[in-house]
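These notes concern the structure reproduced below.
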Amino acid sequence: MKRILTLLFSILLVLFTVFYAMRVYYGNDSGQPLAKDGSLDLEDVNFDEQELVQLDGEWEFYPGIFIEPGKDSSRFDAYRDEKQLIQVPGKWDEFVTKEKAYGTYRLNINLPSEGDFGLRVGMIGYASKIYMNGSIIGSTGNVTDRKSEFNNSGYNTFFSSSSKQLELVIHVSSFKVVTGGITRPIKLGPTENVLEDRDLYKMLDTIVFSGYLLLAIMYFVTYMQQRKNLYELYFSIFCLLQGFYISAINERLLISVLPMIGQNLLLQLQLMAIHLSVLFFLLFMYHFFKPYANKKIVATLCLLLFMQAILLGPTQVIDLSSIFPIANIAVYIVIILALVYLYILFILIRAFMNKMEGMLYIIHVVVSFVCYSLLLGLNFLFNVEFGWAPVFLFLVTAISLSTLISYRSQQAFKRVDELTKELIHFDSVKDEFLVKTSHELRTPLHLILNLTSSILEGRTGPLKGEQQESMHLIHNVGRRLASMVESLLDAGNIKKGEVSHSPAPTSLQVVGDIIAEMSYLLPNPQSVRLINRTEASLPKVYVDENRLKQILLNLIHNSIKYTKVGEITVEAKVKENKMYISVSDTGIGIEEEHLSRIFASFYQVDTSYETKSKGLGLGLSIAKELVELSGGDIAVSSTYGVGTCFTFTLPLAEGEARHEEKGLIAQGSSPFQLVPVIDKQIEYEFPKIVEGNKEQTILIVDDEHPNLFVLQDMIASLGYTVIAVDNGEAALEVLNDKEIDLVILDLMMPNMNGFEVSKALREKFDLFDLPVIVLTAAGQLSDMISSFQIGANEFLQKPVMLDELKVRIEFLLSMRQTSKDSLVDELTMYYSQIKPHFLYNTLQTIIGLTYLDSKMTREALTYLATYFRAKLDFNSYQSLVPLEDELELVQAYLKIEKMRFGDRLEVIYDFDETADAIIPLMTIQPLIENAVQHGIGKKAAGGTIKLAVSKMQGMVRIVIEDDGIGISKEKQSDLLNGKNSRVGFTNPFRKLKLIKRASFELESEEGIGTKITILLPGSKE
């Protein structure tokens, strides 16, 4: 129904505009008298009832002649033959030529009375001079019979009549356009009526101009507030240009304000304004109805409008009237504007057919604008005066716009209201959803962790080295994800008020512990410093110690996250019976608009500085909830670009302070089964060794002797051999002297802390060779990640529970054993592949010798027996052997080959007897065999093989060099990338890749020889 009414309204508005324009343009049907044969009888007109009379009808016209009127009418008698009758208002096209586009109009008027009268002269094309009873009473432009400057502006003239007879003579010239003459009505009436009519139209122009200006300001301000909707800006510019155009036509308000503007400049400004206003209206339509408009078509039309505006405006560099007649230029203007309005109509039809939101109101606006613009265009092109019609259309437009704005505001408010209700509902179920989701995630996460633990422990069979590393990564990522799930559960429990909280008198010494520990977790400790300014003399606070740690860790971690260079300071002071603790930084700060929202759950400030891992946005929210749970409050102050300061309060403890339970370590499955530390000092001799009944040995490192004592006792109860040391340097010495299966390492130690110890041992042992469990007083996700980054396998928070420690130890030891088994299995596979190949070649050599020399054959069999005695008598096929055993095998083989090749093979040895290393079985021998068979053997003159072993900075260097035929670059690439089928080369290369810190280098040049360099980690002395 609404669509039908809107469509009817639009049709009626268009019909009204069209019929009104046609009625005004084509005839005077108001009942006023019409001129006939050059005379107009107004004797029966009552000017009290009818203010002004239009002098329409048949006028005398003398084309191509300027007749100067006199006091009598005799002068016109001489031109009776040239006399023509012409309709006024109307065109003179059929009476004049382009060469003589000028003439004289004459009308005799009978007045009802004498008195003061005036004329309202419309725009005459294009220069005119008016005579009344022989006297000049007004003019515009330069009326001449030669081409000259023209002006078609309207004006008012006044005169006094002492008789009832008037002779009105008007000279008109128009050389730049044939279409000219009196094309708009001339009105006559008493002076006061003319002045009233002039003032009325000025008022109408002022109203329309003011309305456009108001709309322009309103939409410009709206756009500047949001800077989002470009169509608001374009509509604002359109309204401003339309207002300017209104001020330049009709009563010429612009000239009233700026009289220095000439008529020619004013006309050019009118032409430019009408084109630019249509251009911005088209842009407004494009951005408002973007889905229904074509960008290329709009761009083309905008370009045409802009070019035409420049060519016709005051900045024009070409006088178009010197090239085209103004009539033709007018046609071009109409064509371009018509194309634009037709395309706008097409856009509207498409939008209407697609049922665009608010379309009914938009149609009202656009249709009224189109009708209004149509009347303005007719006014510009044909000098037709439309009276109150433009004001009516503008009123319709304003009402339509107000309705559209109101509708959109209502729709926006409705959507906001609906969204608010939805948000309130979602907020009420969000916490429950998170808790349920976290519980649901727990099950598959624990399943993943258990499965990865089972695989790493070797329960489903041994893994290869790369598979173990991938599985360990999956396990650690699962642990991190599980920790995040626990954070979500904590946030949900805090919201529901179900978080555990056991306040007790607590010393602020915990601040120093946390800061000291987190100093080593900084991503760039050289650029950011953590400073503790809390005094030891401060009284205790009444708070749950674990919750205080959680608060401080979250606030400090947030500061680290946003501080690239500078300081992070923790201070505390007592004020008003409360403890004020502040965490301040010199980071990037927080903009004021975000300060009120940073404590909201999951809210994170959007900044390009923030780290790639943003987390969940729960840290500050949890800190705030815990502070309030502890009976305090939290506030933040920040200056963007300077830094941020978080300050929270806690209640002071009252009465007798409790005994400090520093360094307690839990036993059993309950976190509350604490074993207090004995206060008396116990002297230890380090390293302290407690023998166990299991094969594995565990090294524990902690600078606090009571903690070390309890921890050693706990691990010894599990049956493991325990070695305890109280500093990092001693730990590294033990690792150099003894075979250690697992290290339990405290992070905070003097001189050499846990981070430095972990870094040093990781230079010699990988994650699977020597697992490390890190102990820390903190327990945040960021701390766990940092511990893993420094080489830890597991992460435990103090106090430690025995059951959890037992599970972690068993898991890591199983993982280490699985890694060793996997390495042995893989080396055994390579060994099994190469041994038959070696035996086949050796036996072939011995068979060949039987035909040549029986003595040499017996000697060769002796060497072969040495091989069997040294290499085939290993228990369970040892895969890693001492270097001297491998060299013994190589020497036995080369002696056999020397018998075979004779003088064609020369062998040079250069061994450092002190060099000691462990090497995969059958590593050097296949490479030597490859050099003999494929290097020296294919060279007619034979060659030399050099085997050198030396020590180099804790490593053993083995060089195998021959002067054989060499290897091409292409084959070298294939060999190193595993694309070659030579078992004698690829197997040693692959086995060496399994040895940590081992390296393999191949150098060869065709025709010169080959050099292979192997680096192995030296054995412990």
Side-chain angles (χ1 to χ4, degrees), residues 465 468 472 520 684-692 694-705 707-709 711-712 714-716 718 720-776 787-796 805 808-820 823 880 882 915-919 951-956 995-998 1015-1021:
Q468 286 180 337
H472 192 263
Y520 296 99
Y684 293 99
E685 292 183 4
F686 296 104
K688 183 174 178 56
I689 302 175
V690 178
E691 297 290 342
K694 293 184 179 180
E695 296 180 358
Q696 294 90 348
T697 301
I698 297 176
L699 172 66
I700 56 175
V701 189
D702 196 325
D703 64 306
E704 294 187 6
H705 293 179
N707 284 352
L708 195 62
F709 172 79
L711 190 59
Q712 185 183 47
M714 292 170 61
I715 298 174
L718 300 176
Y720 299 105
T721 296
V722 182
I723 301 177
V725 295
D726 63 350
N727 62 79
E729 293 86 349
L732 294 180
E733 290 178 7
V734 171
L735 288 170
N736 285 330
D737 295 337
K738 298 184 180 298
E739 185 73 23
I740 303 298
D741 297 283
L742 185 142
V743 177
I744 298 177
L745 179 64
D746 182 37
L747 284 182
M748 302 312 304
M749 294 184 296
N751 299 327
M752 190 176 193
N753 59 58
F755 294 93
E756 295 168 339
V757 173
S758 179
K759 182 178 179 181
L761 66 87
R762 281 292 170 247
E763 292 178 356
K764 299 183 66 175
F765 307 98
D766 65 7
L767 290 171
F768 301 101
D769 288 339
L770 183 61
V772 175
I773 297 177
V774 164
L775 300 181
T776 175
S787 297
F788 287 147
Q789 289 174 345
I790 64 170
N793 297 75
E794 292 290 350
F795 172 89
L796 289 177
L805 182 62
R808 300 291 176 86
I809 291 174
E810 290 177 351
F811 164 70
L812 291 176
L813 291 177
S814 298
M815 181 187 73
R816 181 176 186 269
Q817 185 60 41
T818 301
S819 176
K820 292 176 64 177
L823 178 63
L880 292 171
D916 187 16
I918 299 299
I919 189 171
K951 293 170 64 175
M952 185 181 68
Q953 297 178 352
M955 304 289 287
V956 174
I995 306 301
K996 303 301 179 185
R997 298 195 299 145
L1015 284 178
L1016 293 171
S1019 299
K1020 299 176 184 178
E1021 296 181 0

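When a residue number appears, it is its place in the shown sequence, counting from 1.
The two atoms that bring L708 and F686 nearest to each other are CD2-CE2, 3.4 Å, heavy atoms only. Taking all atoms of both residues into account, the shortest heavy-atom contact from E794 to R808 is OE1-NH1, 3.4 Å. When all heavy atoms of L699 and A731 are compared, the closest pair comes out as CD2-O, 3.8 Å. In plain terms, the two heavy atoms of E739 and T697 that are nearest each other are O-CB, 3.9 Å. When all heavy atoms are compared, the tightest approach of A917 to V956 is CB-CG2, 3.8 Å. Shortest non-hydrogen contact noted between A716 and V722 is N-CG2, 3.8 Å.
A donor-acceptor pair under 3.5 Å is absent between the side-chain atoms of E756 and the main chain of G728, judged by distance alone. A distance-only check finds no donor-acceptor pair linking the side chain of K951 to the backbone of G1018 [under 3.5 Å].
Taken from CG in L761 to CG in L770, the straight-line distance is 6.0 Å, to the nearest 0.5 Å. The distance from the CD1 atom of I744 to the CG atom of L805 is 5.0 Å, given to the nearest 0.5 Å. Here CG of L1016 is found 5.0 Å from CD1 of I919. Values are rounded to the nearest 0.5 Å. Remark: D741 CG to I809 CD1 distance equals 11.5 Å, nearest 0.5 Å. Atom CD1 of I700 is separated from atom OH of Y720 by 14.0 Å, given to the nearest 0.5 angstrom.
With sequence neighbours excluded, no residue forms a side-chain hydrogen bond (donor to acceptor under 3.5 Å, both in side chains) with N727. For M955, the side chain to side chain contact (heavy atoms under 4.5 Å, CB included) partners are R997, L1015, P1017, not counting sequence neighbours. Legend: residues meeting side chain to side chain contact (heavy atoms under 4.5 Å, CB included) with I689, ordered by chain and number and at least two apart, are E691, T721, I723, K738.
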Derivation and outcome, side chain to side chain contact (heavy atoms under 4.5 Å, CB included), residues S758 and V774
CA-CA 9 Å; S758 179; V774 164; 5.8 Å; no

Dump the intermediate steps for side chain to side chain contact (heavy atoms under 4.5 Å, CB included) on R762 and V772, then the final yes or no.
CA-CA 10 Å; R762 281 292 170 247; V772 175; 3.4 Å; yes

One pair to check against side chain to side chain contact (heavy atoms under 4.5 Å, CB included): L732 and M752. What are the steps and the verdict?
CA-CA 11 Å; L732 294 180; M752 190 176 193; 3.4 Å; yes

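You'll find the side chain of V701 stays beyond 4.5 Å of the side chain of V757, heavy atoms only. Within the 4.5 Å cutoff, the side chain of F765 has no heavy atoms near those of the V743 side chain. Looking at L711 and L775, their side chains come closer than 4.5 Å, going by heavy atoms from C-beta outward. Counting heavy atoms from C-beta outward, K694 and L813 have side chains that stay 4.5 Å or more apart.
The 12-atom threshold is exceeded at CD of E729, counting heavy atoms of other residues, nucleotides or ligands nearer than 6.0 Å.
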